[in-house]
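Note sheet for the following structure.
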Amino acid sequence: MSNVRVRFAPSPTGFFHIGSARTALFNWLYARHTGGTFILRIEDTDQARNSEAFLKLIYDSLTWLGMDWDEGPNPDGVGERGAFGPYRQSQRGDVYQKYKQQLLDAGRAYEKDGAVWFKLLGERYKTYDEHRKKEVEKVKTLPVVIDDQIRGRVERQEDEDFVIFRSDGNPVFHFVNVVDDITMQVSHIIRGEDHLSNTSKHVRLYEGFGVTPPVFAHIPLILKSPEMGQGKMSKRDKGALIEEYQQRHFLPEALVNYLSLLGWNPGDNREKMLIADIVSLFDLPAVNQSNARFDGKKLANMNMTYLLEQPADRFVQLARDYFVKQPTGAAVMANEAYFREVLLMAQPKIKSIDELGAYTVYFFTEEFPIDAKVKEKVMAKGDPQARLAELIAALPAMDFSSDAAIEAGIKSLAEGKGLGFGDYQAVARLAVSGTNAGPSITSMFRVLGKERVVARMERFLRTA
RNA sequence: GCCCUCAUCGUCUAACGGUUAGGACAGGUGAUUCUCAUUCAUCAAAUCGGGGUUCGAUUCCCCGUGAGGGCGCCA
């Protein structure tokens, strides 16, 4: 095992969104690529906004996406693993007190207005702050130099003392973040670019503790797609929540694959890749510097590509997971062999699992909808009623033992009337399935069975 | 207002300082299949602007402009 130690440090104050997932992913990829350790740390110091439900969502989302962690709370939330715990900041009060005392003893922190402040070293002066509309005390310091793995050399001036413990006694983010990274021996900090400006604070804190800062790597942000407006993606944007993709039965590996391509590429034209290949190819210097816009269409396409190539058993299992949650689920899955046959017929045709219900409805009930637009179109051409009547007459004698036999049967009927297969196909499909989209008419007939096909045609003729 | 970062088709992106600026998604057109979808073929589509450096700049430098982020006793 290498000495690379990275962490993902979410706070359970809201839904798990796509930006967090991508940050987690890049950390996970780097850990797996280097043979290092991936740590999950829960930043739950903000008691007012924390919730157990959101905490569980973090575990579930990471697990669903296949990002396993080596240290941190256990995925079921009971107990934890790793030698550097506790991994929830709410349980690390003692550690923070100790480090606060260290700063106090060294003269690098002081109390003011009931809060504890970190003290910058240098000459002090007062100046008016245009942004905050008040006079502030600043400190003349040398710029902090950050050698970022993705950005290169970044310089930033840190010129004001800042709070590390609030007057309510709780430590603030910058402080706990640095203390935890020190005590957990984090070697690389991979996080969003929104933290780049905070990094100078963090570096000063490391110096205050007499510790060499870890390697920083600030990854680009995910922006809204153009139709969603301006700015970085937030939880309120459509498609921003991991939970949503889970509910829509996306394939997690497709989502991970898509996310990995937002700000990174393997150096060639490959896009669809095995997770194992992404792990072996991923590296920090290859990460882009510019922000990326989220594109739901490309994600959907990636998901479809994955869906098309799923082995039959996995696809049926995915379908089962979907139908279990549908009100009609029990009826749909009542006959195992029939269910499987219908589903495998649908697999090459659908773009996402959540289309399955509508796509296969007429296989499981007589109460399927008739698409009005399709009906109008089909009925306007030729003499569909006559074709249907001919089919009804010919069907009882037809061989239904195979797709080929059915096809031959319809063809010979058509030839006898001087017509083509196509003259019967559209109206038969409409009468039997209520739509124009579906598997081949022959396999549809065979799976449905002769009686049901004839009955539906008769009913259609009566009501049409 | 101050500070930091970024800038190639609509979007994600590729291109040792030398390419007809490539690929993918989305879009257009056509072919194939009994429908639909897939698939295949094909078309359209970009180096933000201005200065340098250089024989030569998408690539290096500067200035604009635009976009994103930060400036909390939030994380």
Side-chain angles (χ1 to χ4, degrees), chain A residues 9-14 43-46 48-50 89 112-117 127-133 143 146 148 150-152 154-160 162-174 176-177 192-201 218 220-221 223 225-227 230-232 258 261-272 288-302 304-305 308 346-351 355 359 374 378 407 410-411 414 420-426 428-430 433 435-442 444:
Chain A
S11 52
T13 55
E43 307 220 331
D44 54 352
T45 51
D46 185 357
R49 294 200 298 149
N50 286 327
Q89 289 183 334
K112 191 179 92 183
D113 305 329
V116 179
W117 299 66
T127 184
Y128 185 76
D129 185 299
E130 209 51 62
H131 179 68
R132 283 170 292 180
K133 308 288 180 206
I146 302 147
D148 194 282
I150 295 168
R151 310 274 149 192
V154 178
E155 265 190 38
R156 193 173 179 281
Q157 200 87 25
E158 194 60 45
D159 60 3
E160 260 183 83
F162 53 91
V163 171
I164 54 175
F165 268 76
R166 289 191 282 266
S167 49
D168 65 6
N170 287 313
V172 306
F173 161 75
H174 303 297
V176 293
N177 199 265
E193 198 225 76
D194 48 346
H195 286 294
L196 188 53
S197 295
N198 288 330
T199 305
S200 48
K201 269 192 186 66
H218 287 91
L221 265 23
L223 270 29
S225 57
E227 61 270 22
Q230 304 258 287
K232 71 169 174 175
Y258 173 76
L261 259 15
L262 239 34
W264 174 83
N265 68 79
D268 53 32
N269 281 337
R270 268 181 294 178
E271 294 204 331
K272 186 167 176 302
N288 290 130
Q289 307 185 357
S290 53
N291 295 340
R293 281 178 198 281
F294 176 78
D295 184 356
K297 285 197 176 139
K298 187 145 186 169
L299 205 204
N301 176 272
M302 182 72 79
M304 179 192 72
T305 311
L308 283 174
Q347 181 180 4
K349 303 281 197 162
I350 58 161
K351 293 187 163 187
E355 289 177 2
Y359 195 84
V374 172
V378 170
E407 188 175 344
I410 298 176
K411 274 189 175 158
F421 190 99
D423 293 303
Y424 293 90
Q425 187 275 137
R429 179 182 297 280
L430 177 65
S433 71
T435 176
N436 65 341
S440 75
I441 195 85
T442 53
M444 187 195 295

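These numbers come from a predicted model, not from an experiment.
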Task: Nearest-Å distance once atom P is located in both B/A41 and B/G51 - done: 43 Å

TODO: Rounded to the nearest angstrom, tell me the gap between atom CZ in A/R270 and atom C1' in B/G22.
DONE: 16 Å

Open item on the list: In whole Å, measure the gap between the P atoms of B/C61 and B/G18 for me.
Closed with: 16 Å

Open item on the list: What's the gap between B/G10 and B/G27 when it is taken at their P atoms, as a whole Å value?
Closed with: 16 Å

TODO: Measure from CD on A/Q230 to P on B/G66 and round the result to the nearest Å.
DONE: 12 Å

Task: side chain to side chain donor-acceptor pair (under 3.5 Å) partners of A/T435, counting only residues at least two apart - done: none

Task: Nearest-Å distance for atom pair CG/P, residues A/L223 and B/G69 - done: 7 Å

Could you list the protein-to-nucleotides 9-15 of chain B atom pairs, N/O on both sides, closer than 3.5 Å?
| unit_1 | atom_1 | unit_2 | atom_2 | d |
| --- | --- | --- | --- | --- |
| B/C12 | OP1 | A/R293 | N | 2.9 |
| B/C12 | O2' | A/L261 | O | 3.2 |
| B/U13 | OP1 | A/G263 | N | 2.8 |
| B/U13 | O3' | A/N265 | ND2 | 2.8 |
| B/A14 | OP1 | A/N265 | ND2 | 2.4 |
| B/A14 | OP1 | A/N288 | ND2 | 3.4 |

Task: Residues that A/A9 engages under side chain to side chain contact (heavy atoms under 4.5 Å, CB included), provided they are two or more places apart - done: A/R7, A/R41, A/E43

Task: A/R270 backbone acceptor or donor facing A/D268 side chain under 3.5 Å - done: yes

Open item on the list: Please name the nucleotide paired to B/C34 by Watson-Crick or G-U wobble geometry with both distances under 3.5 Å, or report none.
Closed with: none

Open item on the list: Any strand counts, and the cut-off is 3.5 Å on both contacts for Watson-Crick or G-U wobble. Which nucleotide pairs with B/A14?
Closed with: none

Open item on the list: According to side chain to side chain donor-acceptor pair (under 3.5 Å), who are the partners of A/Y424, at least two apart in sequence or on a separate chain?
Closed with: A/E390

- [ ] Answer yes or no: is there an ion pair linking A/K298 with A/D295, defined by an N-O contact shorter than 4.0 Å?
- [x] no

Task: Non-hydrogen side-chain atoms of A/N291 and A/K232 separated by less than 4.5 Å - done: no

Between the protein and nucleotides 59-61 of chain B, which nitrogen or oxygen pairs come in under 3.5 angstrom?
none

Open item on the list: One character per nucleotide, please: for nucleotides 34-45 of chain B, 5' to 3', B when the base has a protein heavy atom closer than 4.0 Å, S when only the sugar-phosphate does, - otherwise.
Closed with: BBBBS-------

Open item on the list: When the P atoms of B/G28 and B/G64 are compared, how many Å lie between them, rounded to an integer?
Closed with: 43 Å

Task: Value in whole Å for how far the C1' atom of B/C25 lies from NZ of A/K272 - done: 15 Å

Open item on the list: For a quick test of reading the model, state the closest non-hydrogen atom pair linking A/Y359 to A/P439 and the distance between them.
Closed with: OH-N, 3.7 Å

Task: Partners passing side chain to side chain donor-acceptor pair (under 3.5 Å) against A/R293 (at least two apart in sequence or in another chain) - done: none

Open item on the list: Restricting to side chain to side chain donor-acceptor pair (under 3.5 Å), what partner residues turn up for A/K411, sequence neighbours left out?
Closed with: A/E407

Task: Value in whole Å for how far the P atom of B/G70 lies from CG of A/L196 - done: 11 Å

Task: Any A/Q289 side-chain nitrogen or oxygen under 4.0 Å from OP1 or OP2 of B/A7 - done: no

Task: C1'-based separation of B/A44 from B/C6 [nearest Å] - done: 29 Å

Open item on the list: Between B/U38 and B/U32, how many Å separate the two C1' atoms, rounded to a whole number?
Closed with: 11 Å

TODO: Taking all heavy atoms of A/P220 and all of A/G263, pick out the closest pair and write down the distance.
DONE: CG-CA, 4.3 Å

So which protein N/O to nucleotides 27-32 of chain B N/O distances come out below 3.5 Å?
none

Open item on the list: Any base atoms under 4.0 Å from A/E43, or only sugar-phosphate, or nothing? Heavy atoms, all strands.
Closed with: sugar-phosphate

TODO: Please round to the nearest 0.5 Å and tell me the distance separating atom OG of A/S167 and atom NZ of A/K112.
DONE: 12.5 Å

Open item on the list: Using heavy-atom distances to pick each residue's nearest nucleotide on RNA chain B, tell me which of A/R49 and A/G231 is more 5'.
Closed with: A/G231

TODO: Indicate the atoms forming the closest heavy-atom contact of A/N50 with A/T13, along with that distance.
DONE: OD1-CG2, 3.6 Å

- [ ] Round to a whole Å and report the spacing from CD1 of A/I146 to C1' of B/G70.
- [x] 12 Å

Task: Any-strand Watson-Crick or G-U partner of B/G66, both distances under 3.5 Å - done: B/C6

Every protein N/O lying under 3.5 Å from an N/O of nucleotides 71-73 of chain B:
| unit_1 | atom_1 | unit_2 | atom_2 | d |
| --- | --- | --- | --- | --- |
| B/G72 | OP2 | A/R132 | NE | 3.2 |
| B/G72 | OP2 | A/R132 | NH1 | 2.6 |
| B/C73 | O2 | A/S167 | N | 2.7 |
| B/C73 | O2 | A/S167 | OG | 2.8 |
| B/C73 | N3 | A/S167 | OG | 3.2 |
| B/C73 | N4 | A/D113 | O | 3.2 |

- [ ] Considering non-hydrogen atoms only, spot the tightest contact between A/V172 and A/V163 and give its length.
- [x] CG2-O, 3.2 Å

TODO: Write down the partner of B/U42 under the Watson-Crick or G-U wobble criteria, each distance required to be under 3.5 Å.
DONE: B/G28

Open item on the list: Looking at every non-hydrogen atom in both residues, tell me the closest pair between A/H218 and A/L196 and how far apart they are.
Closed with: ND1-CD1, 3.4 Å

- [ ] Could you tell me whether A/E355 and A/K349 make a salt bridge, using a distance below 4.0 angstrom between a side-chain N and a carboxylate O?
- [x] no

Task: Atom pair distance, as rounded to whole Å: CG in A/D44 and C1' in B/C74 - done: 14 Å

- [ ] Quickly work out the A/N301 CG to B/G23 P distance and round it to whole Å.
- [x] 17 Å

TODO: Could you give the distance separating B/U58 and B/C48 at their C1' atoms, to the nearest angstrom?
DONE: 12 Å

TODO: Remember a base hit wins even if backbone is also touched, and classify A/H218 as base, sugar-phosphate or nothing at under 4.0 Å, heavy atoms.
DONE: nothing

Open item on the list: Applying the Watson-Crick and G-U wobble criteria at under 3.5 Å, what pairs with B/U54? Answer none if nothing qualifies.
Closed with: none

TODO: Look through every strand shown and name the nucleotide pairing with B/U20 as Watson-Crick or G-U wobble, where both distances are under 3.5 Å.
DONE: none

Open item on the list: I'd like to check the salt bridge (Lys or Arg N to Asp or Glu O under 4.0 Å) partners of A/K272; sequence neighbours left out, ordered by chain and number.
Closed with: A/E309

Task: Expected output: side-chain A/R151 to main-chain A/Q289 donor-acceptor under 3.5 Å - done: yes

Task: B/G50 to B/A57 separation - C1' atoms, rounded to the nearest Å - done: 15 Å

Open item on the list: Taking side chain to side chain contact (heavy atoms under 4.5 Å, CB included) as the definition, give me every residue that meets it alongside A/N170, ordered by chain and number, with sequence neighbours left out.
Closed with: A/Q47, A/R166, A/D168

Task: Nearest atoms (heavy-atom pairs only) where A/T45 meets A/Q89 - done: CG2-OE1, 3.5 Å

